[in-house]
Asks: 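One structure, pasted below without further comment.
Predicted, not measured: the structure shown is a model, and the values here were computed from it. Heavy atoms only: backbone and side chains are in, while hydrogens, waters and symmetry mates are out.
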Amino acid sequence: MAKKPKYYVVWEGRVKGIFKTWDECRRSTEGFAAAKYKSYESLTEAEKAFSDHPAKHIYKKSTATKSVVYSSKAGVGKPNTDSIAVDAACSGNPGKMEYQGVDTATGENIFHQGPYEDGTNNIGEFLALVHALAYLRQKELPTKIIYSDSKIAIGWVKKKKCNTKLEPTKRNAVLFEYITRAEQWLVNNKYYNPILKWETSVWGEIPADFGRK
């Protein structure tokens, strides 16, 4: 069965536009600090999205889960938009990994790191959370919320330990150095920022999502 085509909208990148392959999108956005992009199933969807403000699509409440909102997730409510949302993406397991943090309300990129060789999505989610904590400490915003859609990464931060099974190699030596630094930061610093689970089934994809699903 032929693979369904995807269309990649780049609102902010080295080259803005609609691309037919991930490689084209990656070349335009990789290492671009304020990159904003997302994938779509059809060209019509992509063209409509490109004509809109990116925040309308990067942070978009799901309309397909209304029944969930009024049943098992009735008590979830709405996300607090005065917050940072973090996410990671990895091309393989292990593979090239990158992570980012964005303003939940606007989708504005606050930080973006990577890609790093031979990483995992869980490691990226963990590093993104610690990066957000350090950023908010530096900005003296001790009560601002951080959202992540990774229960595993949230648990690792609470335990102050990146409990990955990935083995260190020459290719990912830099990544493991960052893991050690992140763990040390958690041990040596107190933080008060609430770290909350992003309820994807109710709210749609987290605003920091890389749009590659």
Side-chain angles (χ1 to χ4, degrees), residues 3-9 11 22 25 35-42 44-46 48-49 52-93 95 97-112 114 119-133 136 143-159 162-164 193-213:
K3 189 176 180 180
K4 287 182 66 176
K6 277 194 173 184
Y7 299 88
Y8 299 88
V9 174
W11 291 279
W22 165 240
C25 177
K36 292 183 177 67
Y37 51 97
K38 191 169 184 178
S39 65
Y40 293 87
E41 299 294 331
S42 73
T44 301
E45 277 186 299
K48 183 180 184 304
D52 291 334
H53 190 282
K56 186 176 178 181
H57 295 267
I58 295 173
Y59 171 58
K60 185 178 181 182
K61 184 175 178 179
S62 173
T63 57
T65 55
K66 287 186 177 179
S67 60
V68 179
V69 176
Y70 299 109
S71 57
S72 62
K73 296 290 185 179
V76 169
K78 296 181 179 180
N80 185 329
T81 55
D82 183 22
S83 58
I84 290 178
V86 302
D87 199 17
C90 193
S91 59
N93 189 36
M97 180 276 292
E98 58 191 307
Y99 69 81
Q100 64 184 357
V102 306
D103 183 292
T104 304
T106 66
E108 179 184 357
N109 195 285
I110 296 171
F111 58 80
H112 177 277
T120 68
N121 201 65
N122 286 334
I123 289 174
E125 301 269 11
F126 170 77
L127 291 176
L129 282 171
V130 180
H131 193 139
L133 287 169
L136 292 175
T143 60
K144 199 176 186 78
I145 291 169
I146 303 171
Y147 282 110
S148 169
D149 61 8
S150 171
K151 288 182 179 179
I152 291 174
I154 293 172
W156 287 357
V157 169
K158 288 180 178 178
K159 293 177 181 178
C162 179
N163 195 27
T164 180
N193 302 91
I195 298 176
L196 304 180
K197 173 72 169 60
W198 181 266
E199 298 294 345
T200 307
S201 62
V202 179
W203 302 333
E205 294 295 343
I206 194 165
D209 182 63
F210 280 84
R212 300 176 192 171
K213 297 179 177 66

Asks: To the nearest 0.5 Å, what is the distance between CE (M97) and OG1 (T120)?
Replies: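 These two atoms lie 6.5 Å from each other.
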Asks: Can you tell me how far CD1 of I154 sits from CG of L196, rounded to the nearest 0.5 angstrom?
Replies: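 These two atoms lie 7.5 Å from each other.
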Asks: When you compare the side chain of W198 with that of D209, does any pair of heavy atoms fall below 4.5 Å?
Replies: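 No, their side chains stay 4.5 Å or more apart.
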Asks: Shortest non-hydrogen contact from F126 to V157?
Replies: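 What the structure gives for the nearest pair is CD1-CG2, 3.8 Å.
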Asks: Looking at K158, I want to see if its NZ is surrounded by more than 12 non-hydrogen atoms of other residues, nucleotides or ligands under 6.0 Å.
Replies: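 Check fails, neighbour count at 12 or below.
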Asks: Please examine the side chains of K144 and I84, heavy atoms only from C-beta on, and report whether any two atoms are closer than 4.5 Å.
Replies: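 They are in side-chain contact.
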Asks: Using side chain to side chain contact (heavy atoms under 4.5 Å, CB included), reason through V9 and E45 one step at a time and then give a plain yes or no.
Replies: CA-CA 10 Å; V9 174; E45 277 186 299; over 6 Å; no
Asks: With a 4.5 Å limit on heavy-atom distance, are the side chains of V86 and Y99 in contact?
Replies: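 In short, these two side chains do not touch, never coming nearer than 4.5 Å.
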Asks: Just how far is it from atom NZ of K6 to atom NZ of K38, taken to the nearest 0.5 Å?
Replies: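 Here the rounded value is 10.5 Å.
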Asks: In Å and rounded to the nearest 0.5 Å, what is the CG to OG1 distance from D82 to T143?
Replies: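 So the gap between those two atoms works out to 7.5 Å.
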Asks: Rounded to the nearest 0.5 Å, what's the gap from OG on S150 to CD1 on I195? Could you check?
Replies: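 Here the rounded value is 11.0 Å.
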Asks: Write down the atom of D103, the atom of I110, and the distance for their closest heavy-atom approach.
Replies: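 Scanning both residues, the minimum pair turns out to be N-CD1, 3.6 Å.
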Asks: Ring-plane angle category for Y37 and W22, please: parallel below 30°, perpendicular beyond 60°, tilted otherwise.
Replies: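 Taking W22 first and then Y37, their aromatic rings sit tilted (interplane angle of 30° to 60°).
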Asks: Would you call the rings of Y147 and W203 parallel, tilted or perpendicular if under 30° counts as parallel and over 60° as perpendicular?
Replies: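 Ring orientation, 0 to 90° scale: perpendicular.
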Asks: Of all heavy-atom pairs between F111 and A128, which one has the smallest distance, and what is that distance?
Replies: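 Reported closest heavy-atom pair: CZ-O, 3.7 Å.
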Asks: What I'd like to find out is whether the side chain of T104 reaches to under 4.5 Å of the side chain of I145, using heavy atoms alone.
Replies: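 Sidechains of I145 and T104: no contact.
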Asks: Tell me, do E98 and F210 make a side-chain contact under 4.5 Å, heavy atoms counted?
Replies: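 E98 reaches F210 side chain to side chain.
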Asks: Can T164 and N122 be said to form a side chain to side chain contact (heavy atoms under 4.5 Å, CB included), step by step?
Replies: CA-CA 8 Å; T164 180; N122 286 334; over 6 Å; no
Asks: Just to verify, what does N80 make a side chain to side chain donor-acceptor pair (under 3.5 Å) with, not counting sequence neighbours?
Replies: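 Partners of N80 under the side chain to side chain donor-acceptor pair (under 3.5 Å) test: none.
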Asks: Restricting to non-hydrogen atoms, name the atom on K197 and the atom on D149 that form the minimum distance, rounded to 0.1 Å.
Replies: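 Shortest heavy-atom separation between K197 and D149 comes out as CE-O, 3.4 Å.
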Asks: Between I146 and A132, what is the shortest heavy-atom contact and its length?
Replies: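 Heavy-atom minimum between the residues: CD1-CB, 3.7 Å.
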Asks: Would you say that D87 contacts E125 through its side chain, given a criterion of any heavy-atom pair below 4.5 Å between the two side chains?
Replies: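 With C-beta onward as the side chain, the pair touches.
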Asks: Are any side-chain N or O atoms of Q100 and backbone N or O atoms of A208, one a donor and one an acceptor, separated by less than 3.5 Å?
Replies: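 At least one qualifying donor-acceptor pair exists.
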Asks: P207 and A85: which non-hydrogen atoms are nearest, and at how many Å?
Replies: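 Reported closest heavy-atom pair: CD-CB, 3.9 Å.
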